[in-house]
Amino acid sequence: MKQIISPMQLAFLISNFMFTAALITLPQVLTQISKQYTWLVPIIVYPVILLLFYLAMGKSQNFRHILSTDRLTITHKIFNILLLIFLILIYIRDLRAFIDFIKSYYLPETPIDVLTIVLSLTLVYVASSGLETIARITVIQTVVLGAIVLLLPILLLNEIDLRNLTPIVTTGTVTNMAKSSYLLFPWMGEALLFLFLLGNISMENKSKRAITIGISLGMLFFTILLLLNLAVLGEFIASLATYPNIFMIQEIHLTDFLDRLDMVIVILWAPCLFCRVALVLYCIHKALSNLRIVQTNLIIAPIGLLLGILAILLFKKNTDHMQFSFFTWGTLGIALEIMILGVFLILKFKRRTA
Amino acid sequence: MSGVVLIVIILLIFLMIQHRNIKKNKRDKKWVYGLSICTFGLSICLIVPIPLDRVILLMNETVGAFTNWVVAG
């Protein structure tokens with residue numbers, strides 16, 4: 001049965017996809033490079049991502065036709081293989097980031113393999129339910145998390161020190177922001193995955209608007225978090241802390257009794273990240289079935305477990321994972337995203353001329 | 001060790017429950033069983049140290065070093 005989502009669900013899926021994983025450790029490396037003006041970096045990346053989407057979508061409104069695999073051509077195969085590599089890398093990276101976060105903050109005594117298997121099982125369960133279920137869970141969770149992110153400036157009003165954000169323009173500002181943009185771009189560009197899901201939208205004529213809203217919301221949430229990181233913690237602490245956002249929300253002190261809101265916020269953020277990773281797993285399955293490798297969704301369970309084990313085995317230490325996420329993904333992500341976009345444009349051109 | 005035991009139990013339960021569904025499609029059967037065996041094989045690596053992390057280390061040393069050069073340059 002074809003899974004169909006509404007444009008509103010697409011918008012929330014995109015915004016959730018763009019900021020839930022990037023907020024874990026990325027602000028640290030961005031702050032190390034572009035200091036107190038890091039919060040301006042998403043403003044540079046935002047138009048580029050939007051432009052790429054507009055370039056990919058063009059005036060066409062029949063995406064079902066472009067991505068239809070009734071006749072599996074070489075270009076379709078290349079598109080699906082590239083997407084498969086891209087998705088597998090994202091899945092392994094995000095799952096490991098989540099496991100490392102839980103292990104270092106909440107369950108330090110639990111073995112990493114047990115954590116991975118339990119999380120993988122949950123992801124398999126959610127991904128097997130299909131795109132519609134993932135979209136419904138995402139909408140509920142993202143609305144709540146988004147409201148909390150928007151409320152954070154008020155909750156942290158007594159901790160914000162605007163002097164931490166100055167001076168905005170110093171020597172090397174432009175160069176440093178360009179370098180940070182290079183690292184941020186592949187993370188935000190992961191949203192290009194939604195080109196793959198354009199055929200699953202109920203009202204295709206509204207998909208461009210939904211994508212614009214989704215990207216704008218995702219960028220807005222990420223910018224608010226970066227801004228608050230710097231304003232509350234200052235550039236020095238934000239560039240040293242592995243998880244600056246958790247430090248930042250720990251600073252919330254509403255009277256004397258409401259001072260451990262960080263647990264509540266993490267509980268709300270975790271399902272959002274779950275939805276993101278489950279969506280990636282669902283798309284891995286979709287890419288495999290587009291390649292005519294499998295048809296049923298029974299394959300999701302062994303794939304989920306296999307990738308879960310790879311998430312443990314491929315990164316011996318947490319530092320290897322950080323190095324991969326910050327630096328290797330910077331170039332690898334950009335290369336894969338450009339290739340995916342290129343092949344998508346070729347597909348579109350071929351369908352138009354056919 | 002706990003990881004391997006868990007994986008084996010989960011895979012066995014999964015294959016037992018879905019046995020009838022898997023049998024229906026010949027091509028899917030091959031992939032589901034094949035991937036289950038691969039998963040079991042990889043889970044052995046949780047006990048026996050096979051340096052799979054070298055793949056990522058190699059990527060970090062090449063692609064990661066390039067990004068580092070771009071960012072530091």
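Every chain is numbered from 1, with letters handed out A, B, ... down the list of sequences.
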Exercise. Do you know which of B:L57, B:I56, B:L35 has the most heavy-atom pairs under 4.5 Å to chain A?
Worked result: B:I56
Exercise. Which heavy atom in B:L52 sits nearest to a heavy atom in A:L313, and how many Å separate them?
Worked result: CD1-CD1, 3.7 Å
For this session: Please indicate whether A:Y125 has more than 12 foreign heavy atoms, meaning atoms of other residues, nucleotides or ligands, lying under 6.0 Å from its OH.
Result: no
For this session: Counting only heavy atoms closer than 4.5 Å, note whether B:A65 contacts chain A via side chain, backbone, both or neither.
Result: neither
Exercise. Can you tell me how far SG of B:C45 sits from CG of A:L314, rounded to the nearest 0.5 angstrom?
Worked result: 10.5 Å
Problem set entry | Rounded distance [0.5 Å steps], CG in B:L11 versus CG in A:L305 | 5.5 Å
Problem set entry | Gap separating the CG atom of A:L298 from the CG atom of B:L15, nearest 0.5 angstrom | 10.0 Å
Problem set entry | side-chain contact (heavy atoms from CB on, under 4.5 Å), paired with A:T331, selected from B:T67, B:T62, B:N68, B:V70 | B:T67
For this session: Identify which part of A:L183 has an atom lying under 4.5 Å from any heavy atom of chain B, answering side chain, backbone, both or neither.
Result: side chain
For this session: Tell me, out of A:G308, A:G330, A:A301, who's got the most heavy-atom pairs with chain B below 4.5 Å.
Result: A:A301
Problem set entry | A:Y182, part contacting chain B, at a heavy-atom distance under 4.5 Å | side chain
Seminar exercise, completed: When every non-hydrogen atom of A:T328 is compared with those of B:V63, the smallest separation belongs to O-CG1, 3.6 Å
For this session: List the atom of A:F327, the atom of B:G64, and the distance in Å for their closest heavy-atom pair.
Result: CB-O, 3.7 Å
Exercise. Distance from A:L332 atom CG to B:F66 atom CZ, nearest 0.5 Å?
Worked result: 12.0 Å
Exercise. Rounded to the nearest 0.5 Å, how far apart are CD1 of B:I7 and OG of A:S120?
Worked result: 7.5 Å
For this session: Kindly indicate whether the side chain of A:P302, heavy atoms from C-beta on, has any atom under 4.5 Å from the side chain of B:Y33.
Result: no
Problem set entry | Side chain, backbone, both or neither of A:L121 within contact of chain B (heavy atoms, under 4.5 Å) | side chain
For this session: Using the side-chain contact (heavy atoms from CB on, under 4.5 Å) rule, pick out the option among B:D53, B:L42, B:L46 that qualifies with A:I312.
Result: B:L46
Exercise. How many angstroms lie between NZ in A:K316 and CZ in B:R54, if you round to the nearest 0.5 Å?
Worked result: 7.5 Å
